[in-house]
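Notes for the one structure printed next.
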Amino acid sequence: MSVKKKKLGGSDTKFAYALLAPSILLLVLLIGYPLIYNIVISCQDVPLNPNLPSEFVGAQNFIDVFTDSSFYKSVAVTLGFTVVVTSISTVLGLALSVFLNRSFVGKKLVNSIIILSYVVPAVCLIFTWRYMFNNIYGIINYFVIDVFGFTDKAPLWFDQSVSAFILVSVFAIWKFFPYAYISFNAILQSMDNSLYEAADIDGATSWQKFKAITYPAIKPTLVTVVSLRTIWVFYIYTEVYLLTKQVDVLGVYLYDMAFATHDFGKAAAISIVLFVFIFALIMLIRKKVLRVEED
């Protein structure tokens, strides 16, 4: 028995566009206009005084970006930070979701504790970490010096580039891995347990069950989690800037360029370069690295 699809008539199409018009207009105002304006000012020398006219400089801002050694250093730091935080937070969230995908006493409490760092405002967590690692009265230095006696001098955790990078990475992993846990847990909760029971009867190991059953089910979610987390971490600013000034990620570099040196044209050029770069990176992740299969 064949079912014929009803085609939309002219009046139906117009009505559909009319319903979509408010959303399209909102997208144009919130995304389209800032994007176009950003492209315009990337080709200009924008004065700090808004009453003064901007000077058209063409591609000079982009040339300044690609000849700035600080930009490449910031890109390298950001790439390393993004790879570390995205990979570890995703693996940690996936591992916990698989391990806790069973019934046990206190499961709701455990889930609440896991997602706590994700739902608590970032500013509260940031200043808690700053107090913990304070070189004078922080609890970490209390254990390092007074309790265990590892050193006689208080380490300046957030004032040294290496230790600051490690601590900011650990903070970001702890802050963001619950997103991966929630996403994977939702998929695992909806799966049919009979598949795992059949695999147990066949004598499959835990790794074989993960490869044959779990991974195909979570693959689309894995691509989404990795893509979104890459974008969010790549543009991270608040967490890094409030914790330390020693980790010069692109978000901090762009902020300093726009609001410390007031070079708005160069800042706009940097944002366009980053947009193109992150777009290409996400396409690479989706099509080459993870090899998403489309139906």
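Here, residue 1 is the first one in the sequence, and each next residue gets the next number.
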**Prompt:** Can you find a side-chain donor-acceptor pair between Tyr142 and Asn134 that sits under 3.5 Å?
**Reply:** no
**Request:** Might you work through the side-chain contact (heavy atoms from CB on, under 4.5 Å) test for Phe275 and Asn38, ending with a clear yes or no?
**Result:** CA-CA 12 Å; Phe275 173 79; Asn38 193 68; over 6 Å; no
**Prompt:** In terms of the angle between their ring planes, are Phe158 and Phe133 parallel, tilted or perpendicular, with boundaries placed at 30° and 60°?
**Reply:** perpendicular
**Request:** Please report the closest heavy-atom contact between Gln160 and Gln246, naming both atoms and the distance.
**Result:** N-CG, 4.1 Å
**Request:** Report yes or no: does Thr90 contribute a side-chain atom to a donor-acceptor pair with the main-chain N or O of Ser87 at less than 3.5 Å?
**Result:** no
**Asked** Are Phe234 and Phe277 close enough that their ring centres sit under 6.0 Å apart?
**Response** yes
**Asked** Atom CG of Leu79 and atom OG1 of Thr82: how far apart are they, to the nearest 0.5 Å?
**Response** 6.0 Å
**Asked** With a cut-off of under 6.0 Å to the ring centre and 45° to the axis, is Lys175 in cation-pi contact with Phe171?
**Response** no
**Message:** Applying a strict under-4.5 Å side-chain criterion to I, L, V, M, F, W and Y, I'd like to know whether Leu29 and Tyr33 cluster together.
**Reply:** no
**Fill in**
Taken to the nearest 0.5 Å, the spacing of Leu94 CG from Ser89 OG works out to 11.0 Å
**Message:** I want to check something: taking the side chain as every heavy atom from C-beta on, are Leu96 and Phe177 in contact at a cut-off of under 4.5 Å?
**Reply:** yes
**Asked** Hey, quick one: are Leu20 and Ile31 part of the same hydrophobic cluster, counting side-chain heavy atoms closer than 4.5 Å, chains of contacts allowed?
**Response** no
**Message:** Quick one, Glu239 and Val168 - any side-chain contact, counting heavy atoms below 4.5 Å?
**Reply:** no
**Prompt:** Given Val249 and Tyr235, is the side-chain contact (heavy atoms from CB on, under 4.5 Å) satisfied, shown in steps?
**Reply:** CA-CA 8 Å; Val249 294; Tyr235 286 109; over 6 Å; no
**Fill in**
Minimal heavy-atom distance between Ile272 and Ile39, with the atoms involved, is CD1-CA, 3.7 Å
**Asked** If you measure from OG1 on Thr214 to CD on Gln208, what distance do you get to the nearest 0.5 Å?
**Response** 12.5 Å
**Asked** Please walk me through it: do Lys245 and Asp159 pass salt bridge (charged side-chain N to carboxylate O under 4.0 Å, His left out)?
**Response** CA-CA 8 Å; Lys245 301 299 187 293; Asp159 294 332; over 6 Å; no
**Request:** Search all heavy atoms of Pro178 against all heavy atoms of Ile115 and return the closest pair with its distance.
**Result:** CB-CA, 3.9 Å
**Message:** Would you say that Phe56 contacts Asp45 through its side chain, given a criterion of any heavy-atom pair below 4.5 Å between the two side chains?
**Reply:** no
**Request:** Taking atom OH of Tyr72 as the centre, report whether more than 12 heavy atoms of other residues, nucleotides or ligands fall under 6.0 Å from it.
**Result:** yes
**Asked** Which pair of non-hydrogen atoms, one from Val240 and one from Val252, has the smallest distance, and what is that distance?
**Response** CG1-CG2, 4.1 Å
**Message:** Determine whether a donor-acceptor pair (N or O, by modelled atom type, separation under 3.5 Å) exists between the side chain of Thr67 and the backbone of Ile63.
**Reply:** yes
**Prompt:** Does a side-chain heavy-atom distance below 4.5 Å link Thr78 with Tyr253?
**Reply:** no
**Asked** With the 4.5 Å side-chain cut-off for hydrophobic clustering, are Val120 and Tyr181 part of the same group?
**Response** yes
**Asked** Quick one: do Val57 and Ile41 end up in the same hydrophobic cluster if we chain Ile, Leu, Val, Met, Phe, Trp and Tyr together by side-chain heavy atoms under 4.5 Å apart?
**Response** no
**Request:** Check the surroundings of atom CZ in Phe104: do more than 12 heavy atoms from other residues, nucleotides or ligands lie under 6.0 Å from it?
**Result:** yes
**Prompt:** Taking the six-membered ring for Trp, is the centroid-to-centroid distance between Tyr179 and Trp232 below 6.0 Å?
**Reply:** yes
**Request:** Could you tell me whether the side chain of Ser190 and the main chain of Ile187 form a donor-acceptor pair under 3.5 Å?
**Result:** yes
**Request:** Return yes when atom NZ of Lys107 has more than 12 non-hydrogen atoms of other residues, nucleotides or ligands closer than 6.0 Å, and no otherwise.
**Result:** yes
**Ile236 versus Phe176, closest heavy-atom pair with distance** = CD1-CE1, 3.9 Å
**Request:** Check the angle between the aromatic planes of Phe259 and Tyr255 and answer parallel, tilted or perpendicular using the 30° and 60° thresholds.
**Result:** tilted
**Asked** Below 4.5 Å, heavy atoms only, C-beta onward: do Leu250 and Leu254 meet side chain to side chain?
**Response** no
**Message:** Parallel, tilted or perpendicular: which one describes the rings of Trp129 and Trp174, with boundaries at 30° and 60°?
**Reply:** tilted
**Request:** To the nearest 0.5 angstrom, please state how far the OH atom of Tyr241 sits from the CG atom of Asp248.
**Result:** 11.5 Å
**Request:** Say whether, by atom type as modelled, one donor and one acceptor occur between the side chain of Asn61 and the main chain of Ser42 under 3.5 angstrom.
**Result:** yes
**Asked** Should the heavy atoms of other residues, nucleotides or ligands under 6.0 Å from CD1 of Ile139 be counted, would the total exceed 12?
**Response** no
**Request:** Would you give the length of the straight line joining atom OG of Ser227 to atom CD1 of Ile231, rounded to the nearest 0.5 angstrom?
**Result:** 6.5 Å
**Fill in**
From the list Asp256, Asp64, Asp68, salt bridge (charged side-chain N to carboxylate O under 4.0 Å, His left out) partner of Lys266 resolves to Asp68
**Item:** Side chains of Leu222 and Phe184 in contact at under 4.5 Å (non-hydrogen atoms)
**Value:** yes
**Asked** Do Trp157 and Asn141 meet the criterion of a side-chain donor-acceptor pair at a distance under 3.5 Å?
**Response** yes
**Request:** Could you tell me how the ring of Phe210 sits relative to the ring of Trp207: parallel (under 30°), tilted (30 to 60°) or perpendicular (over 60°)?
**Result:** parallel
**Item:** Heavy-atom pair with the smallest gap, counting every atom of Phe81 and Ser169
**Value:** CD1-OG, 3.5 Å
**Prompt:** How long is the gap from OG1 on Thr224 to CZ on Arg229, to the nearest 0.5 Å?
**Reply:** 12.5 Å
**Asked** Are Leu92 and Ile113 connected in the hydrophobic side-chain network, where two residues link if heavy atoms are under 4.5 Å apart?
**Response** no
**Prompt:** Got Arg130 and Leu243 here, is their nearest side-chain heavy-atom distance under 4.5 Å?
**Reply:** yes
